[in-house]
Amino acid sequence: MTHTEVTAEPAQLEPCGQQDHPDCGIRDVLDRIGDKWSVLVIVELANGPRRFRQLQRAIDGISQRMLTLTVRRLERDSLVLRTVYPTVPAQVDYRLTETGASLTHLVKALADWSIEHRAHIARARETYDSEHPDNEIR
């Protein structure tokens, strides 16, 4: 099944971290790509190498410090390659590694899913909020 095929049945997943099943590592992956900034950096770099300022301009709302931390974490996990060129001043660019590029298919599937279900989720939130006016999860 490809990411474009839709099924109403849940996927067969093994629970992680239970006594009879070892930790499958999903927590480590979610720690890295589960935050919005990492995903947005990966999306931007999927279009090719970018310099730091290009990334910062392309990702609305990210601070210089948060972008620095994000690309360092992605570099540490070998999802992003940082290249420093011997120029004055030094030029640096960021690009996806082969591992990072392989992740773009999953990110695209998630983006496609979110677009397809956005209206349904918005309606569900409105209904829930109207039925639970004192709830503070907004």
Side-chain angles (χ1 to χ4, degrees):
M1 179 178 305
T2 67
H3 75 277
T4 58
E5 296 173 8
V6 178
T7 179
E9 298 296 318
Q12 296 295 317
L13 299 172
E14 295 285 330
C16 295
Q18 308 241 340
Q19 285 185 340
D20 59 339
H21 189 273
D23 181 5
C24 61
I26 197 164
R27 289 179 188 187
D28 286 341
V29 171
L30 288 176
D31 281 348
R32 185 55 50 240
I33 63 163
D35 69 89
K36 68 179 178 179
W37 300 124
S38 292
V39 171
L40 293 173
V41 168
I42 290 167
V43 167
E44 185 59 29
L45 292 178
N47 296 309
R50 298 288 187 266
R51 294 178 62 180
F52 187 89
R53 292 287 177 225
Q54 289 175 307
L55 282 172
Q56 192 174 20
R57 283 191 297 269
I59 302 171
D60 188 40
I62 194 167
S63 68
Q64 181 174 339
R65 174 168 165 63
M66 186 52 66
L67 180 56
T68 299
L69 290 172
T70 301
V71 293
R72 281 184 187 161
R73 290 172 181 152
L74 291 169
E75 181 183 15
R76 180 176 181 249
D77 289 347
S78 189
L79 299 175
V80 166
L81 176 66
R82 178 179 183 264
T83 304
V84 180
Y85 297 96
T87 59
V88 177
Q91 290 185 350
V92 178
D93 77 20
Y94 300 89
R95 65 188 69 224
L96 293 176
T97 63
E98 188 175 325
T99 304
S102 71
L103 184 60
T104 61
H105 301 288
L106 299 172
V107 171
K108 179 166 180 3
L110 183 60
D112 291 347
W113 181 91
S114 67
I115 290 168
E116 182 178 338
H117 294 90
R118 179 178 21 206
H120 171 78
I121 292 170
R123 285 190 306 272
R125 286 178 178 173
E126 288 174 13
T127 300
Y128 183 92
D129 291 348
S130 67
E131 292 173 359
H132 303 88
D134 296 330
N135 198 322
E136 297 181 18
I137 64 170
R138 291 177 214 163

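Just so you know, these numbers use all the heavy atoms, side chains as well, and skip hydrogens, waters and symmetry mates.
Cluster membership for M66 and L79, using ILVMFWY side-chain heavy atoms within less than 4.5 angstrom, is shared. The cluster map of Ile, Leu, Val, Met, Phe, Trp and Tyr, joined by side-chain heavy atoms under 4.5 Å apart, puts W113 and V107 in different clusters. F52 and V92 fall within the same hydrophobic cluster, defined by Ile, Leu, Val, Met, Phe, Trp and Tyr side-chain heavy atoms under 4.5 Å apart, directly or through other members. Linking ILVMFWY side-chain heavy atoms closer than 4.5 Å, directly or via other members, places L110 and L40 in two distinct hydrophobic clusters. In the hydrophobic cluster analysis, where Ile, Leu, Val, Met, Phe, Trp and Tyr join through side-chain heavy atoms closer than 4.5 angstrom, V39 is grouped together with L106.
In this structure, T127 and E131 have side chains that are in contact, with non-hydrogen atoms separated by less than 4.5 Å. Residues L55 and L45 form a side-chain contact, since some pair of their non-hydrogen atoms from C-beta on lies under 4.5 Å apart. Looking at heavy atoms from C-beta onward, R125 lies in side-chain contact with I121 at the 4.5 angstrom threshold. The shortest side-chain heavy-atom distance between V71 and L67 falls under the 4.5 Å cut-off. Residues V80 and L96 meet the side-chain proximity criterion, which asks for heavy atoms closer than 4.5 Å. Under the 4.5 Å side-chain criterion, counting only non-hydrogen atoms from C-beta, Q64 is in contact with R53. Residues I42 and L103 form a side-chain contact, since some pair of their non-hydrogen atoms from C-beta on lies under 4.5 Å apart.
Within a 6.0 Å radius of CG in D60, no more than 12 heavy atoms belonging to other residues, nucleotides or ligands are found.
In this structure, I62 CD1 and K36 NZ are separated by 9.0 Å, a value rounded to the nearest 0.5 Å. Here CG of D93 is found 5.0 Å from OG1 of T83. Values are rounded to the nearest 0.5 Å. Note: Y85 OH to R51 CZ = 10.0 Å, rounded to the nearest 0.5 Å. In this structure, the separation between CZ on R95 and CZ on R82 is 13.0 Å, given to the nearest 0.5 Å.
T97 and S78 get closest at one heavy-atom pair: OG1-O, 2.6 Å.
By the 4.0 Å N-to-carboxylate-O rule, D77 lies too far from R73 to be salt-bridged with it.
No side-chain donor from either of Q54 and R57 sits under 3.5 Å from a side-chain acceptor of the other.
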